[in-house]
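What you are looking at is a predicted structure, and each value in this text was computed from that prediction instead of being measured. Proteins get letters first, then strands, A, B, ... in listed order; numbering begins at 1 in each.
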Amino acid sequence: MKITLKDGSFKEYENAMSVLEIAKDISEGLARAACAGEIDGNVVDLRTVVDKDCNLNILTFDDEAGKKAFRHTAAHILAQAVKRLYPDAKCTIGPAIDDGFYYDFDMPSLGREELDKIEAEMKKIVKENIPITSYTLPRTEALKLMEEKNEPYKVELINDLPEDAELSFYEQGDFTDLCAGPHLMSTKPVKFFKLTSSSGAYWRGNSDNKMLTRIYGTAFTKKDDLNERLEFLENIKKRDHNRLGRELELFTTVDIIGQGLPLMMPKGAKIIQTLQRWIEDLEDNEWGYVRTKTPLMAKSDLYKMSDHWYHYKDGMFVMNDNGSDFDSAGEEQNAVAGDTEAKSGKEVMALRPMTCPFQYFVYKAKQHSYRDLPYRMGETSTLFRNEDSGEMHGLTRVRQFTISEGHLICTPEQMVEEFKNCMALAKHCLTTLGVEEDVTYHLSKWDPENPDKYLGEPEVWEETQQHMRNIMNELDIPFTEDVGEAAFYGPKIDINAKNVYGKEDTMITIQWDALLAERFDMYYVDKDGEKKRPYIIHRTSMGCYERTLAWLIEKYAGAFPTWLAPEQVRILPISEKFHGYGEEILAKLKKNGILATMDDRSEKIGYKIREARLQKLPYMLVVGANEEESKTVSVRKRGEDGDLGSMELDTFINKICEEIRTRSLTQIEN
RNA sequence: GCCGAUAUGGCUCAAUUGGCAGAGCAGCUGAUUUGUAAUCAGCAGGUUGAGGGUUCGAGUCCCCCUAUCGGCUCCA
């Protein structure tokens, strides 16, 4: 038998040995712990009998599969501990995830105290060094076993597996679990772990099902790694936009105003204004957009025409005359479509959740020749979406937001080219903000299993999706394909970014719509004088400003590039004697469009600097006798070694203006 | 919407089994006039998120509402 090791070398064994012996022989610790292997490309557990002449790759904790086996075993230890302490708890599933694991139980929910107790029990199980063995059972016996153990969720899982599936079980002492594996050979190596939190989770991810209790944990092979991870979790909290954004006085929330309705404070509003002006100028001056400004609400008839009323009403704020002027769509749902005219004769209105139909009517307001196309409309658009109460989060999930929305009316022939342009514009925006490396691209497709959720014919969907696939390949952008993520009127490319906790949000979306023009009876007059249907691209050049701000706060930990900083320069006079000179500088900076202030409090210079550094200001100008005399400024930029020494004021102004003009991501040098 | 945790001055947090709501920072006033991460002193700041209940007495216990956080579900 020949064993291939990870480094490419191999070992030969004359006689078939037990897997345990082989693993022990090959390596101590990790490799033995993560005893998952591969035979002919299939991942197997090392405990499965390895036949003569099989090549076997030993995985270690450095491998994804090895980590998975390790953490999956941690999940089983968790389950075993829970069953010991709470015999009535029912096991469901418990996979390894990025950086850890979880297990869902049907049991009452748990607080921190209970988690600590479970953790202690887990430590016992690890210490007991329980060997883990596996075996397979035919279906009937598997069902019998799980019924005997009173595990109804496992019975359900078995029943849903294909008839001929081989059902494998993993056993560790008094605990047995239906599981595909692989696992470690014993509980002993799982020494360093921590149960991080518990929460609710629906059985099989369906909100109609029972709410289970989920326990999250993380596990490592080395104590230092675990500590590093826990420290990391502490540290990223400091970058969390929801905390840092409030600390830096960018935004706040107020109970009485409501959920998902953050208030932008002067600094946050300034950043958003800078972003908005930049995007509007970019679109209009360089990408051929015309600007529109359309209403924030409309009669329900408009949304019926677009079909949003039927596909998206839950997410809209509907206004009617039943006494509460802004009624939630949720309560309206039961009304029969078409029967929503208010009793008093007032019209049923809704705040807009998107800009599409409004811009369509701008297009329709005059006749268009093929020569007008592509007709690119841009709008800085405020939208309203009635998210469920548990969905709101900081600036990333809100009920009212502002977005650079746009619709491009194209001839069918222009679609590919224009779609590429939209991708290029999006990429330009990401690059300028310094975040182009931090995104993932997704082709969001329809779900052929659920055709009722979508408009149009299956062939059109498949064809459109192929167009988009081709575009992405041509642009050489890696992407994933996500089924069931499309808009109801067409597939889209979503550009997602991860927040500090690793959770993904869509920042940019570019959608291909071959259907709605028909619904709104939009047309253009072609060369031959015939009226023809255009296609439409729905797109954003950046995500909504609130979400973008959240992303930037976390990306830069509050230390924004100078062109985005709400306060770019602060003048710090050494004492009151130099306030006059400070004022002179301040006026000159402002004249040059630089966002500058002066700290004229009678504090020591060290105090003023400390404060400015905590606020992550790009530049401080220290001015005292030396500077006033020589008409210079002492420049300090962010960070350690930020002291750039003295500089002619005009030199500084030229440099910072250039930095701002070019939207540089790096600060000036000496 | 669901599961759980939390809510005390502008901010960060104390307050023992239910027994006089307190500190640091920030703010204000005065002194200090300062050279690259915190000068000193004084003052003021509260219906403990809202409402109801138990109790001689509630920040603390119970109910309900609201908001925030961690998840689930959702996210055109």
inquiry  = Between the base of G1(B) and the side chain of Glu387(A), is there a donor and acceptor pair under 3.5 angstrom?
reply    = no
Watson-Crick or G-U wobble mate for C13(B), both contacts under 3.5 Å = G22(B)
remark   = Residues Met392(A) and Gly260(A): closest non-hydrogen pair is CG-CA, 3.1 Å
ask   = Does any N or O donor sit under 3.5 Å from an N or O acceptor when you compare the side chain of Glu576(A) with the base of U34(B)?
value = no
Rounded distance (Å) that lies between atom P of A38(B) and atom CD of Glu603(A) = 12 Å
inquiry  = From C-beta outward on Met211(A), which listed nucleotide comes closest to its side chain: U34(B), U36(B), C2(B)?
reply    = C2(B)
inquiry  = Counting distance alone, no hydrogens or angles: does the base of U68(B) have a donor or acceptor under 3.5 Å from a partner atom on the side chain of Thr253(A)?
reply    = no
inquiry  = In whole Å, measure the gap between the P atoms of G46(B) and A50(B) for me.
reply    = 13 Å
message = Of the listed nucleotides (G70(B), U34(B), U36(B)), which one gets closest to any side-chain atom of Ser602(A)?
response = U34(B)
request  = Go ahead and name the base partner of C40(B); Watson-Crick or wobble counts if both distances stay under 3.5 Å, otherwise write none.
outcome  = G30(B)
note = Closest non-hydrogen atoms of Val398(A) and Pro262(A), given as atom of the first, atom of the second and distance, are CG1-CD, 3.6 Å
Closest to side chain of Val622(A), choosing from G35(B), A37(B), C72(B) = G35(B)
request  = Please tell me which of Leu212(A) and Leu614(A) maps to the more 5' nucleotide of RNA chain B, matching each residue to the nucleotide holding its nearest heavy atom.
outcome  = Leu212(A)
query = Rounded to the Å, how far apart are Tyr607(A) OH and G35(B) P?
reply = 17 Å
task = Just name whichever nucleotide pairs with A67(B), Watson-Crick or G-U, keeping both distances under 3.5 Å, else none.
result = U6(B)
task = Let me know the distance between CD of Glu628(A) and P of U34(B), rounded to the nearest Å.
result = 14 Å
key: Closest nucleotide among U68(B), G1(B), U32(B) to the Arg246(A) side chain   = U68(B)
inquiry  = Are Ile537(A) and Gln511(A) packed together at the side-chain level, in the sense that at least one heavy-atom pair is separated by less than 4.5 angstrom?
reply    = no
message = Need one value for Gly394(A): base, sugar-phosphate or nothing, where a base atom within 4.0 Å counts as base even if backbone is also close, heavy atoms only.
response = sugar-phosphate
task = Tell me, yes or no, whether the heavy-atom count around Lys631(A) atom NZ, taken from other residues, nucleotides or ligands under 6.0 Å, exceeds 12.
result = yes
task = Pick the P atom in G49(B) and in U73(B), then give their distance to the nearest Å.
result = 33 Å
Integer-rounded Å distance: A67(B) C1' and Glu391(A) CD = 16 Å
inquiry  = Do Trp446(A) and Glu485(A) pair up side chain to side chain, a donor and an acceptor below 3.5 Å, judged on atom types alone?
reply    = no
message = What's the gap between G22(B) and G9(B) when it is taken at their P atoms, as a whole Å value?
response = 14 Å
message = On RNA chain B, compare the nucleotides closest to Tyr489(A) and Asn206(A); which residue's is nearer the 5' end?
response = Asn206(A)
Spacing between Asp255(A) atom CG and A50(B) atom P, to the nearest angstrom = 10 Å
message = Is it the case that the base of C74(B) and the side chain of Arg397(A) share a donor-acceptor contact (distance under 3.5 Å, atom types as modelled)?
response = yes
ask   = Between Glu247(A) (CD) and C25(B) (P), how many Å, whole number?
value = 17 Å
request  = Could you work out which one of U33(B), U36(B), A37(B) sits closest to the side chain of Asp643(A)?
outcome  = U36(B)
inquiry  = As a quick check of understanding, evaluate side-chain contact (heavy atoms from CB on, under 4.5 Å) for His538(A) and Ile536(A), giving each step before the final call.
reply    = CA-CA 6 Å; His538(A) 308 232; Ile536(A) 303 169; 4.0 Å; yes
Distance in angstrom units between Lys503(A) NZ and G71(B) P, rounded = 6 Å
message = Determine whether a donor-acceptor pair (N or O, by modelled atom type, separation under 3.5 Å) exists between the side chain of Arg385(A) and the backbone of Pro353(A).
response = yes
inquiry  = What's Gly624(A) touching, base or sugar-phosphate or nothing? Going by heavy atoms closer than 4.0 Å.
reply    = base
query = How far does the C1' atom of G1(B) sit from the matching atom of C43(B), given to the nearest Å?
reply = 50 Å
key: Rounded distance in Å between the C1' positions of U54(B) and A38(B)   = 48 Å
inquiry  = In whole Å, measure the gap between the C1' atoms of G18(B) and C62(B) for me.
reply    = 13 Å
query = Roughly how many Å is it from CG in Leu248(A) to C1' in C11(B), rounded to a whole number?
reply = 13 Å
task = Mind checking Glu405(A) for me? I need base, sugar-phosphate or nothing, with any heavy atom below 4.0 Å counting as a touch.
result = nothing
request  = Check every strand shown and say whether Ser634(A) touches a base, only sugar-phosphate, or nothing at a heavy-atom separation below 4.0 Å.
outcome  = base
inquiry  = Suppose we call a contact any N or O donor and acceptor under 3.5 Å apart; does that hold for the side chain of Tyr202(A) and the base of G1(B)?
reply    = yes
